[in-house]
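Heads up: numbering here begins at 1 and tracks the sequence. Note: hydrogens, waters and symmetry copies are ignored here, and every other heavy atom, side chains too, is used. Being a predicted model, the structure only gives us computed values, none of them experimental.
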Amino acid sequence: MSKYVGLLRGFTGKGSIGSMFIGHVVKRSTANPNSLKVDTQKMILDKELKSYFSTKRSIWVDDNSKDCLIGDIVLIKSLPRNADKSKVTHEVDHIVFKLGCVVDPITGRRCRGTEFVDEADIGTEKPLVIEEVK
């Protein structure tokens with residue numbers, strides 16, 4: 001049981017080292033192209049009302065591979081504390097979902113909105129524009 005404590009601590013977000021979050025890439029920094037702004041969401045318990053409320057948090061993340069695009073869903077982990085006052089506090093662990101490649105977790109099939117997309121029909125889809133206006 002003790003070997004799982006560190007892993008569980010990382011997913012619950014308690015402790016500064018090893019905390020992991022899932023977030024949505026919102027923006028790429030213009031000053032440092034390796035930096036991304038990621039929005040994360042956390043559920044906070046209100047003990048008086050005995051219900052959870054969602055809170056948003058924006059985190060600056062380091063992306064050394066430059067694979068992330070705006071709109072991707074990524075798993076991020078915290079960097080060890082450093083002496084400089086950098087705004088980048090986390091790094092991208094891996095990309096969970098690329099933009100436009102959403103997979104239903106139950107069936108494992110790709111979906112677009114509320115409908116499933118067959119892999120064979122991807123190349124043969126009808127175009128959205130029927131005819132060009134001249």
Side-chain angles (χ1 to χ4, degrees):
M1 182 67 182
S2 64
K3 65 181 178 178
Y4 297 113
V5 171
L7 182 65
L8 292 174
R9 181 180 297 141
F11 285 110
T12 57
K14 296 177 182 175
S16 60
I17 297 175
S19 59
M20 300 178 88
F21 300 101
I22 287 186
H24 180 260
V25 178
V26 178
K27 177 182 176 182
R28 185 172 289 275
S29 174
T30 55
N32 184 7
N34 290 345
S35 297
L36 301 170
K37 187 175 185 180
V38 176
D39 282 347
T40 61
Q41 196 170 18
K42 186 175 182 180
M43 301 298 285
I44 302 291
L45 175 66
D46 187 354
K47 293 183 180 180
E48 293 178 10
L49 298 175
K50 295 183 181 174
S51 62
Y52 285 92
F53 296 96
S54 64
T55 59
K56 282 191 174 182
R57 180 177 161 197
S58 295
I59 300 172
W60 284 98
V61 178
D62 189 25
D63 179 29
N64 290 328
S65 63
K66 295 185 181 178
D67 289 338
C68 296
L69 300 173
I70 295 174
D72 290 347
I73 306 295
V74 294
L75 179 67
I76 58 176
K77 64 179 179 179
S78 65
L79 291 170
R81 293 186 183 252
N82 49 4
D84 61 346
K85 301 289 183 181
S86 176
K87 65 180 180 179
V88 177
T89 56
H90 292 72
E91 68 179 349
V92 174
D93 190 40
H94 70 276
I95 300 172
V96 179
F97 292 115
K98 295 289 283 182
L99 178 65
C101 272
V102 179
V103 178
D104 181 28
I106 297 171
T107 61
R109 295 172 58 192
R110 288 187 59 192
C111 58
R112 182 178 297 130
T114 58
E115 299 178 5
F116 291 112
V117 178
D118 292 329
E119 297 293 328
D121 295 340
I122 289 176
T124 61
E125 293 176 346
K126 294 180 182 177
L128 297 175
V129 178
I130 298 173
E131 62 182 63
E132 293 183 17
V133 177
K134 294 183 182 180

- Message: Tell me whether T40 contacts the main-chain N or O of F21 through its side chain, where contact means a donor paired with an acceptor under 3.5 Å.
- Response: no
- Qualifying residues under side-chain contact (heavy atoms from CB on, under 4.5 Å), relative to L49, sequence neighbours excluded: D46, S51, F53
- Message: Going by side-chain hydrogen bond (donor to acceptor under 3.5 Å, both in side chains), name the residues that satisfy it together with Q41, two or more places apart in sequence or in a different chain.
- Response: S54
- Message: Under 4.5 Å side-chain heavy-atom separation, chaining through any Ile, Leu, Val, Met, Phe, Trp or Tyr, what else clusters with I44? Say none if it is isolated.
- Response: none
- Query: Which pairs pass side chain to side chain donor-acceptor pair (under 3.5 Å) with one or both residues in residues 24-33, sequence neighbours excluded?
  - Reply: N32-S35
- Item | Contacts of D39 that satisfy side-chain hydrogen bond (donor to acceptor under 3.5 Å, both in side chains) - sequence neighbours left out | S58
- Message: Test your reading of the model: is there a side-chain donor-acceptor pair from D93 to the backbone of K77, 3.5 Å cut-off?
- Response: no
If you look only at distance, which donor and acceptor atoms sit under 3.5 Å apart when one is on a side chain in residues 60-69 and the other is two or more places apart or in another chain?
from: D63; atom 1: OD1; to: S65; atom 2: OG; distance (Å): 3.2
from: D63; atom 1: OD1; to: K66; atom 2: N; distance (Å): 3.4
from: D63; atom 1: OD2; to: K66; atom 2: N; distance (Å): 3.4
from: D63; atom 1: OD2; to: C68; atom 2: N; distance (Å): 3.4

- Shared hydrophobic cluster for I59 and V26 (ILVMFWY, side-chain gaps under 4.5 Å): no
- Message: Under 4.5 Å between side-chain heavy atoms, counting indirect links through other Ile/Leu/Val/Met/Phe/Trp/Tyr residues: same cluster for L75 and I73 or not?
- Response: yes
- Task: Carefully, step by step, assess V74 and V38 under the rule side-chain contact (heavy atoms from CB on, under 4.5 Å).
- Result: CA-CA 8 Å; V74 294; V38 176; 4.3 Å; yes
- For R109, which residues count as a side-chain hydrogen bond (donor to acceptor under 3.5 Å, both in side chains) partner, sequence neighbours excluded? D118
- Task: Just jot down the side-chain contact (heavy atoms from CB on, under 4.5 Å) partners of Y52, sequence neighbours excluded, or say none.
- Result: M43, L45
- Query: Between V92, L36, I76, which is the residue that forms a side chain to side chain contact (heavy atoms under 4.5 Å, CB included) with V25?
  - Reply: L36
